[in-house]
Amino acid sequence: MAVGVGIASVVVIATSIMTYFLARILRVYVLINKFHGPPAIPILGNAHQFKHDPREFFLQIVDWVNEFYEKTRGILRIWLGPIPLILAYNARDVEVILSSSRHIKKGYIYDFLHPWLGLGLLTSWGKKWFHRRKMLTPTFHFSILQNFLEVFNEQSAVLVKKLEKFADSPEPINIFPQITYCVLDIICDTAMGKHINAQGNSNNEYVQAVINMSDLLLERMRKPWYWPDFLYDNIERGKQHAHHLKVLHDMTNKIIRERLTEPPRILEGKEDDSVVGKRKRIAFLDLLVQMHREDPSFTLDDIREEVDTFMFEGHDTTAAAASWAMLLIGQHPEVQVRLHEELDEVFGDSDRPITADDLQKLQYLSCVLKETLRLCPSVPMIARDLREDCILDGKKVPKGTIVVVGIYALHHDPEQFPEPNKFDPDRFLPENCAKRHPYAYVPFSAGPRNCIGQRFAQMEDKVILANLLRRFSVRSIQTMEETNPLGELIMRPRDGIFLKITRRK
C-alpha cells in the first residue's frame with residue numbers, strides 16, 4: 001500500500017512539473033506571437049531561413065525590418081529555433097529596455113566572451129556589475145583621459161608617417177588594417193602601459209592573438225554548431241581559440257605581476273614627481289593595481305578581467321568608427337572641404353600635437369563622427385536577457401526572452417532621421433538635435449549600462465581623424481555596399497576600405 005502511495009505521489013509531482021513547464025512554454029508562445037515577424041515553423045522557428053554568409057544574414061535582417069516596418073511599429077519577432085527573440089528598433093521601446101536598471105543582463109551570446117574576459121564590466125550583471133561599474137567610473141575621469149592624449153597623438157603620428165609613402169600614388173590603400181594597428185598600439189599603451197609596436201610589426205604574437213581571437217569569437221557567435229563547448233574544444237577552431245587565449249592571458253598576467261613589483265605610478269600634478277622618481281606614463285592597469293593595493297578583495301584575476309575587457313572593447317570599435325569615417329569623408333568632397341577649413345582654422349600650418357582644447361573647437365569633426373556612427377554604428381546591435389516581464393508597444397514580453405536593440409535599424413528610422421541613408425553631418429548641429437528623441441541615437445548604448453569608455457573612444461577617433469586630415473586629402477573608390485559591411489558584434493568591412501591619398505601640404 002505504501003509503495004502504491006509513493007508511486008502515485010511521484011506521478012503527481014512529475015505531472016505537476018510537466019504541467020508547469022508546458023504552461024510556461026505555452027504562455028511564452030502566445031505572448032511572443034502577438035508581435036509580427038517572418039513566418040515560423042515549429043521547433044526550427046526561423047532558423048531554417050537564416051543565411052549562412054554573415055553579410056547575407058545582415059542584409060536579411062535589414063530586409064525583414066523593412067518588410068514588416070508598417071506592421072511591427074518598431075518591434076520584430078524572430079524565433080531562434082524554440083528561443084524567442086524580439087528585435088526593438090523604435091526609440092520609444094528602446095528607451096524601455098535601455099533606461100531600466102532591471103534589464104541589464106546581456107544576452108546568452110556574450111557567454112562566449114567569458115573565457116577571455118571573465119565576468120568583467122562587459123559581461124557581468126546584478127550586484128557584481130553595479131559594484132564594478134561604480135568602482136571603475138572614476139578611471140575614465142576627464143583628467144585621466146587628458147593623460148591619454150599624448151598616446152593618441154604619438155601613435156596617430158606614426159600612422160601618418162606610414163601613410164606618407166602611399167600618398168600621391170595611383171594605387172589605393174586599404175586603410176582599415178592600418179587604422180586597426182594604430183588603435184592596437186593606442187589601446188595596449190593606455191590599457192597596460194605596454195608598447196607593442198603593432199604598426200611596425202603586425203606579426204607580433206600578442207597583436208595576432210587579439211585579432212584572431214576577435215575573429216574566432218564572431219565566427220562562433222553566428223554558427224550554432226560551434227556553441228557546445230565539448231564539441232568546439234575538440235575541433236581545430238577550438239584549439240586555435242585555446243592557443244590565442246593562452247597568449248592573451250599570459251601577456252596580461254605577466255604585465256600585472258611586473259607592475260606589482262614597481263612603485264605606484266601617478267598622474268602628473270597629483271604628487272611631487274620626486275616621490276617616485278621620474279614620472280612614468282599612467283595606464284588603465286596602474287589605476288586597477290592601485291585599487292587592488294587599497295582593497296585586496298579586488299583580486300589580480302579581477303584586474304585581468306578589466307584589462308582584457310578594455311582591450312577587447314577598445315580596439316575593434318574605435319578602429320571601425322575611424323575607418324568608416326574616412327570612407328564617408330572620401331565619398332563627400334564638400335564635407336572634406338569643411339573639415340579642412342575647420343582644421344586649418346584651429347592649427348594653421350602647425351604640426352603640433354592636438355590638445356583637449358583643440359578637440360573642443362573641432363565641432364564639425366564631431367558632427368562628422370556622430371553621423372558616421374549613426375550610419376555605421378560600431379556595435380550594430382546589443383542584446384538583453386529579460387529577467388522579468390516587460391511591456392513593449394503595449395504588449396507583454398515574457399521573462400526569459402532575448403531582446404535585441406537593433407541600433408543599426410534604430411539609426412535608420414526615417415521618422416527620426418529623414419533620408420536615413422544620406423550622409424549629413426549637419427543632423428548633429430545643436431539646433432537639429434533639440435527635438436530628436438533621446439533614445440533615437442545610441443551608438444554607445446544608453447541608460448545605466450551605457451559604454452563607460454565612450455569619451456575615451458570619441459577623443460581617440462577625433463585625434464586620429466584630425467591628424468590624418470591635417471596632412472592628407474582622401475578619395476574613396478568604393479561605395480558602402482562594395483565594402484560588404486558585416487553587421488556582427490562589431491560592424492566591420494569584409495572587403496576592406498580602399499582610399500586614394502594625396503598630400504595637402
Side-chain angles (χ1 to χ4, degrees), residues 152-153 155-186 199 317-351 354 358-359 362-376 378 421-426 428 457-485 491-505:
F152 300 164
N153 276 296
Q155 296 303 333
S156 57
V158 173
L159 176 61
V160 167
K161 188 172 181 180
K162 279 188 68 179
L163 295 182
E164 282 282 358
K165 62 183 177 182
F166 298 100
D168 303 317
S169 168
E171 295 300 317
I173 178 175
N174 183 1
I175 196 74
F176 185 69
Q178 306 298 330
I179 289 179
T180 298
Y181 293 135
C182 174
V183 168
L184 277 169
D185 275 335
I186 289 173
Q199 297 189 83
T317 51
T318 48
S323 299
W324 290 123
M326 291 295 284
L327 174 78
L328 291 164
I329 292 165
Q331 290 175 345
H332 296 85
E334 73 286 358
V335 170
Q336 190 165 178
V337 167
R338 287 178 64 179
L339 284 170
H340 283 153
E341 289 173 347
E342 180 177 74
L343 289 164
D344 291 345
E345 184 177 339
V346 173
F347 299 105
D349 293 328
S350 168
D351 60 357
I354 296 173
D358 294 329
L359 293 180
L362 298 174
Q363 293 299 310
Y364 189 63
L365 179 58
S366 293
C367 292
V368 168
L369 188 54
K370 288 177 181 178
E371 176 69 344
T372 297
L373 288 170
R374 183 190 70 81
L375 280 171
C376 308
S378 295
N421 294 320
K422 179 182 178 182
F423 180 64
D424 181 12
D426 286 347
F428 290 94
Q458 289 169 319
M459 289 175 68
E460 179 183 4
D461 276 332
K462 284 183 75 173
V463 171
I464 291 172
L465 292 171
N467 278 331
L468 287 174
L469 293 168
R470 287 165 72 182
R471 184 66 61 90
F472 304 116
S473 294
V474 296
R475 180 168 65 85
S476 301
I477 64 167
Q478 298 162 293
T479 64
M480 179 69 70
E481 291 72 24
E482 287 170 342
T483 69
N484 282 311
M491 186 169 175
R492 302 186 295 174
R494 182 171 65 186
D495 298 326
I497 292 177
F498 289 85
L499 305 171
K500 287 189 176 181
I501 300 174
T502 56
R503 292 181 181 85
R504 291 189 62 210
K505 301 170 185 177

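Fair warning: this is a prediction, and the values are worked out from it, not measured in the lab. Hydrogens, waters and symmetry mates play no part in the numbers below; they use all other heavy atoms, side chains included.
With rounding to the nearest 0.5 angstrom, the CG atom of Leu469 is 11.5 Å from the CD1 atom of Ile464. The line from CG of Asn467 to CD1 of Ile354 is 3.5 Å long, rounded to the nearest 0.5 Å. Between the OG atom in Ser156 and the CG atom in Leu465 there is a gap of 10.0 Å [rounded to 0.5 Å]. Atom CG of Leu373 is separated from atom CG of Asp461 by 7.0 Å, given to the nearest 0.5 angstrom. In this structure, Asp426 CG and Arg338 CZ are separated by 4.5 Å, a value rounded to the nearest 0.5 Å. A distance of 5.0 Å separates CG of Asp168 from CZ of Arg503, quoted to the nearest 0.5 Å.
Scanning both residues, Gly496 and Asn174, for their nearest heavy atoms gives CA-OD1, 3.5 Å. Of all heavy-atom pairs between Gln155 and Ile186, the closest is CB-CG1, 3.6 Å. Of all heavy-atom pairs spanning Cys367 and Phe428, the tightest one is SG-O, 3.6 Å. Summarising the geometry of Ala167 relative to Phe472, their closest heavy-atom pair is CB-CE2, 4.0 Å, with the distance given to 0.1 Å. Contact detail for Ala320 and Met491: the closest heavy-atom pair is CB-O, 3.6 Å. For the residue pair Val368 and Leu339, the shortest heavy atom distance occurs at CG2-CD2, 3.9 Å.
Remark: Arg475 CZ is loosely packed, at most 12 non-hydrogen atoms of other residues, nucleotides or ligands lying under 6.0 Å away.
Ionic pairing of Arg470 and Asp349 is not present here: no N-O contact between side-chain nitrogen and carboxylate oxygen is shorter than 4.0 angstrom.
Looking only at distances, a side-chain donor or acceptor of Gln336 sits under 3.5 Å from a matching main-chain atom of Val474. Using a distance-only test at 3.5 Å, with no hydrogens or angles considered, a donor-acceptor pair links the side chain of Gln331 to the main chain of Gln478.
Annotation: side chain of Glu342 is in contact with side chain of Gln363 (closest heavy-atom distance under 4.5 Å). The closest side-chain heavy-atom distance from Thr372 to Phe423 is below 4.5 Å. Side chains of Pro493 and Asn484 form no contact here, defined as non-hydrogen atoms less than 4.5 Å apart. Residues Trp324 and Ile497 form a side-chain contact, since some pair of their non-hydrogen atoms from C-beta on lies under 4.5 Å apart. Inter-residue side-chain proximity for Pro425 and Val335 is flagged as met; some heavy-atom pair is nearer than 4.5 Å. Using a 4.5 Å heavy-atom threshold, the side chains of Glu164 and Arg471 count as touching. Taking 4.5 Å as the limit, every side-chain heavy atom of Asp185 sits out of range of all side-chain heavy atoms of Val158. You'll find the side chain of Phe176 stays beyond 4.5 Å of the side chain of Leu327, heavy atoms only.
Listed by chain and residue number, Glu371 satisfy the salt bridge (charged side-chain N to carboxylate O under 4.0 Å, His left out) test with Arg374 (two or more places apart in sequence, or in another chain). Qualifying salt bridge (charged side-chain N to carboxylate O under 4.0 Å, His left out) partners for Asp358, counting only residues two or more places apart in sequence or in other chains: Arg352.
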Task: From CA spacing to verdict: side-chain contact (heavy atoms from CB on, under 4.5 Å), Ile477, Leu499 - done: CA-CA 6 Å; Ile477 64 167; Leu499 305 171; over 6 Å; no
Task: Test side-chain contact (heavy atoms from CB on, under 4.5 Å) applied to Glu171 and Ser169, step by step - done: CA-CA 5 Å; Glu171 295 300 317; Ser169 168; 3.7 Å; yes
Task: Criterion side-chain contact (heavy atoms from CB on, under 4.5 Å) on Gln178 and Leu163, from CA distance to verdict - done: CA-CA 9 Å; Gln178 306 298 330; Leu163 295 182; 4.3 Å; yes
Task: Chi angles and distances behind the side-chain contact (heavy atoms from CB on, under 4.5 Å) call for Met480, Thr483 - done: CA-CA 6 Å; Met480 179 69 70; Thr483 69; 4.3 Å; yes
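Using modelled atom types and a 3.5 Å distance limit, the side chains of Lys162 and Gln199 yield no donor-acceptor pair.
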